Amino acid sequence: MSAQATIFPSEPKWELEGTSRIPFLTYTSEELYKRELEHFFYKGHWCYVGLEAEVPNPGDFKRTVVGERSVIMTRDADGQINVVENVCAHRGMRFCRERHGNKKGFTCPYHQWSYTLKGDLQGVPFRRGVKQADGSFQGGMPTDFKPAEHGLTKLKVATRGGVVFASFDHEVESLDDYLGPEIGQYFDRLFNGRKLTILGYNRQRIPGNWKLMQENIKDPYHPGLLHTWFVTFGLWRADNKSELVMDAKHRHAAMISTRGTGGEAGQVTSVSSFKQTMQLNDPSFLDIVQEPWWDGPTAVMTTIFPSVILQQQVNSVSTRHIQPNGHGSFDFVWTHFGFEDDSEEMTQRRLRQANLFGPAGFVSADDGEVIEFSQQAFESKPFHRALAELGGREVNEHTPHMVTETLIRGMYEYWRQVMEAPDVPAAAGAAARDCGHGTA
Amino acid sequence: MDFQAYHELTQLYADYASAVDSGNWDLWPEFFTEQCSYRLQPRENHERGFPLATLSFTSKGMLKDRVYGIRETLFHDPYYQRHVVGAPVIRRAEGERFECEANYAVFRTKLSEVSTVFNVGRYIDTVVRTPDGLKFASRLVVYDSEMIPNSIIYPL
């Protein structure tokens with residue numbers, strides 16, 4: 001009977017010091033997942049909502065999510081970006097059903113409460129009741145009803161380089177501080193102020209815990225092993241010059257690599273799947289042209305915790321939005337883009353290289369597959385743990401190679417700090433902590 | 001379009017479905033001309049005028065490279081797929097060149113699992129007559145399915 005409790009524990013058990021052994025329970029517990037939503041997606045963090053180029057004109061809107069909560073990004077008449085929650089202030093209906101469009105404001109169809117693009121309540125039908133023949137009114141809202149108090153929930157919004165982030169937490173630190181200088185420089189390398197052009201979307205539902213996708217892009221161990229397409233055609237080589245960086249809190253990261261060019265690829269690739277003689281029938285998949293803004297690296301994959309991955313893989317650039325729905329599933333939305341000054345040739349090149357990525361991509365479809373099969377095992381064996389000990393058990397903020405899982409350990413170090421912090425009454429955060437309330 | 005040509009066209013559609021459900025992926029590129037276009041695109045991108053496709057191949061060589069990827073490099077859960085393709089609608093027939101469309105539904109069956117609806121949409125095609133019979137000069141696969149259930153590996 002104690003075996004039962006061992007197989008289905010209620011609390012994650014971390015072996016050893018640190019975070020090199022990750023309990024499967026962190027991927028399977030609905031309770032921990034709810035806690036993650038609250039502490040990572042709804043409090044104290046910035047979440048990706050989209051690109052300014054998706055709502056170029058006043059009145060444009062895009063429906064998306066922060067965590068599991070439906071939100072709408074709008075551009076108002078002043079040209080400002082707003083993000084409001086898609087929950088009517090009256091009866092709570094998720095009123096916005098279109099995914100994009102252009103409107104002067106929003107009206108909930110249920111009782112026609114109407115809102116501006118900034119989320120302010122504008123109209124309430126029969127607010128003052130129905131006028132009778134004798135001049136009196138029947139019904140209506142109470143006389144002390146104040147529309148100003150019943151707008152849509154407004155999120156705090158920040159943009160950087162045309163990328164829009166939002167937070168339900170108006171006390172959140174600035175986006176610049178949130179990203180930090182180490183990751184900020186790679187963010188700015190991709191989003192350096194040029195106007196973006198939207199090339200389109202890919203949407204997939206991956207039956208795995210959302211963190212597995214963050215881990216996948218913090219894991220430089222797998223690309224040369226799982227993605228044999230990369231290796232077969234010489235895009236991944238063991239002599240790639242590589243670097244890993246993370247922010248001071250170890251939650252965001254960048255994997256930076258520069259394709260090796262010296263010598264024969266076969267001499268520098270120790271991976272068995274490399275085939276010296278293998279040629280593409282159509283080499284235009286790998287028609288790679290160096291762009292000036294790369295400033296060296298041929299690929300930079302940036303994870304912004306918790307909600308987005310920024311991709312530059314040679315000429316293919318995209319954002320990948322992580323949208324969790326339950327502890328064992330997330331939607332993964334890819335927005336491929338280009339830049340306003342791209343030639344038609346470059347646009348075609350970006351679109352062609354998009355064949356490598358996305359839910360059917362030569363080197364991305366398999367990422368979704370391995371995540372699904374990991375989750376399957378976690379669910380059946382929640383007392384066990386995964387290993388992330390390549391390169392040691394510590395967290396190294398800067399690593400000049402790819403043979404390490406330090407970025408994963410770093411993320412879980414941060415995860416533990418937040419998830420294991422004593423619960424603090426929301427209204428009296430810092431004061432309560434100072435008083436030592438609820439310390440372990 | 002005469003009856004003989006229509007019969008050949010419906011045979012092409014039936015043969016294609018049979019081939020991509022057979023597991024013999026080498027059959028697939030042979031339905032296309034050398035300078036063909038095969039694109040798999042979400043309906044969202046198609047209707048909003050966004051050029052991105054989930055897969056976009058512009059030569060028979062690329063289709064062969066995809067077959068190599070499926071067989072040799074793309075790790076994936078093996079599955080059966082089963083196409084159910086509606087009768088083609090002929091939008092335009094000019095000599096030996098036909099523009100047509102057909103609805104499709106593809107069911108997926110993973111080993112030890114129940115069968116599920118995998119992907120639904122329509123083919124928007126240009127078919128041309130070649131010395132080797134009718135071939136697709138272009139096949140645009142526009143899918144309604146809003147969420148790809150994890151991945152698409154095999155040709156639709």
Side-chain angles (χ1 to χ4, degrees), chain A residues 99-100 197-208 225-233 273 275 278-285 318 329 331-338 347-348 350-373 376, chain B residues 29 32 34-79 110 112-113 116 118-119 141-156:
Chain A
R99 191 160 48 208
H100 75 280
T197 50
I198 305 298
L199 297 180
Y201 304 99
N202 268 317
R203 298 172 192 273
Q204 63 187 131
R205 179 161 294 171
I206 300 179
L225 300 166
L226 173 65
H227 303 312
T228 50
W229 196 91
F230 263 157
V231 183
T232 302
F233 298 111
S273 57
K275 295 180 179 65
M278 198 58 217
Q279 296 288 327
L280 285 164
N281 285 291
D282 191 330
S284 59
F285 280 124
S318 75
S329 174
D331 292 346
F332 202 38
V333 178
W334 303 61
T335 306
H336 283 255
F337 59 90
T347 300
Q348 291 308 318
R350 296 196 201 288
L351 290 167
R352 201 159 47 237
Q353 289 180 20
N355 281 304
L356 276 57
F357 309 103
F362 282 109
V363 293
S364 291
D366 33 18
D367 287 322
E369 297 285 289
V370 297
I371 286 174
E372 178 173 351
F373 311 147
Q376 286 175 356
Chain B
F32 293 84
E34 284 300 323
Q35 296 305 313
C36 64
S37 161
Y38 173 88
R39 303 180 71 225
L40 172 67
Q41 193 179 39
R43 182 167 173 167
E44 173 184 23
N45 291 352
H46 182 66
E47 293 187 350
R48 292 181 69 180
F50 291 131
L52 183 75
T54 307
L55 289 174
S56 180
F57 303 141
T58 51
S59 68
K60 194 170 172 177
M62 281 187 167
L63 302 186
K64 290 180 176 171
D65 289 332
R66 179 67 181 182
V67 168
Y68 180 82
I70 291 168
R71 191 174 285 139
E72 302 291 337
T73 75
L74 255 174
F75 169 70
H76 64 279
D77 213 7
Y79 62 93
K110 286 190 166 194
S112 314
E113 297 291 340
T116 57
F118 180 53
N119 191 279
V141 189
V142 177
Y143 58 91
D144 295 344
S145 307
E146 278 279 311
M147 280 297 163
I148 290 170
N150 203 345
S151 64
I152 292 178
I153 308 293
Y154 307 146
L156 294 181

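On a predicted model such as this, the values are computed, not experimentally measured, just so you know. In what follows, chains are A, B, ... by sequence order, proteins preceding strands, each numbered from 1. Heavy-atom basis, side chains included; hydrogens, waters and symmetry copies ignored.
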side-chain contact (heavy atoms from CB on, under 4.5 Å) for B:Met147 and A:Asp331? Distances and angles first, verdict last.
CA-CA 8 Å; B:Met147 280 297 163; A:Asp331 292 346; 3.4 Å; yes

Which is it for A:Thr232 and B:Tyr68 under the side-chain contact (heavy atoms from CB on, under 4.5 Å) test, yes or no, and what are the steps along the way?
CA-CA 11 Å; A:Thr232 302; B:Tyr68 180 82; 3.9 Å; yes

How far apart are the C-alpha atoms of A:Trp229 and B:Phe75, what are their side-chain angles, what is the distance that settles it, and do they pass the side-chain contact (heavy atoms from CB on, under 4.5 Å) test?
CA-CA 10 Å; A:Trp229 196 91; B:Phe75 169 70; over 6 Å; no

From [atom1] ([X]) to [atom2] ([Y]), nearest 0.5 Å:
{"X": "B:Leu52", "Y": "A:Thr347", "atom1": "CG", "atom2": "OG1", "answer": "12.0 Å"}
{"X": "A:Arg203", "Y": "B:Ser145", "atom1": "CZ", "atom2": "OG", "answer": "13.0 Å"}
{"X": "B:Met62", "Y": "A:Asn355", "atom1": "CE", "atom2": "CG", "answer": "6.0 Å"}
{"X": "A:Gln348", "Y": "B:Ser56", "atom1": "CD", "atom2": "OG", "answer": "8.0 Å"}
{"X": "B:Thr58", "Y": "A:Asp282", "atom1": "OG1", "atom2": "CG", "answer": "6.0 Å"}
{"X": "B:Asp65", "Y": "A:Phe362", "atom1": "CG", "atom2": "CZ", "answer": "6.5 Å"}

Contact part of B:Tyr154 toward chain A, heavy-atom cut-off under 4.5 Å: side chain, backbone, both or neither?
neither

Side chain, backbone, both or neither: which part of B:Leu55 has a non-hydrogen atom closer than 4.5 Å to chain A?
both

Verify, without hydrogens or angle tests, whether B:Asn150 (side chain) and A:Gly368 (backbone) share a donor-acceptor contact under 3.5 angstrom.
yes

State whether the side chain of A:Thr228 and the backbone N or O of B:Thr73 hold a donor-acceptor pair below 3.5 Å, judged by distance alone.
yes

Do the charged groups of B:Glu146 and A:Arg205 touch, with an N to O distance under 4.0 Å?
no

Residues in ring pair (Phe, Tyr, Trp, His ring centres under 6.0 Å) with A:Phe357, at least two apart?
none

Tell me every residue that passes salt bridge (charged side-chain N to carboxylate O under 4.0 Å, His left out) with B:Arg66, counting only those two or more places apart in sequence or in another chain.
none

Contact class of [X] relative to chain B, heavy atoms under 4.5 angstrom:
{"X": "A:Phe373", "result": "side chain"}
{"X": "A:Arg350", "result": "neither"}
{"X": "A:His100", "result": "side chain"}

Heavy-atom closest pair (A:Gly361 atom, B:Leu74 atom, distance to 0.1 Å) is O-CD2, 3.6 Å

Which pairs count as salt bridge (Lys or Arg N to Asp or Glu O under 4.0 Å) when at least one residue sits in residues 355-371 of chain A, sequence neighbours excluded?
none

If you check every heavy atom in residues 35-45 of chain B against those of chain A, which residues fall under 4.5 Å?
B:Pro42, B:Glu44, B:Asn45

Residue from A:Ile371, A:Ile206, A:Asn202, A:Val363 scoring the most non-hydrogen pairs under 4.5 Å with chain B is A:Asn202

Over 60° means perpendicular and under 30° means parallel, so tell me whether B:Phe57 and A:Phe285 are parallel, tilted or perpendicular.
perpendicular

Select, from B:Gly69, B:Pro149, B:Pro51, the one with the greatest count of heavy-atom pairs under 4.5 Å involving chain A.
B:Pro51

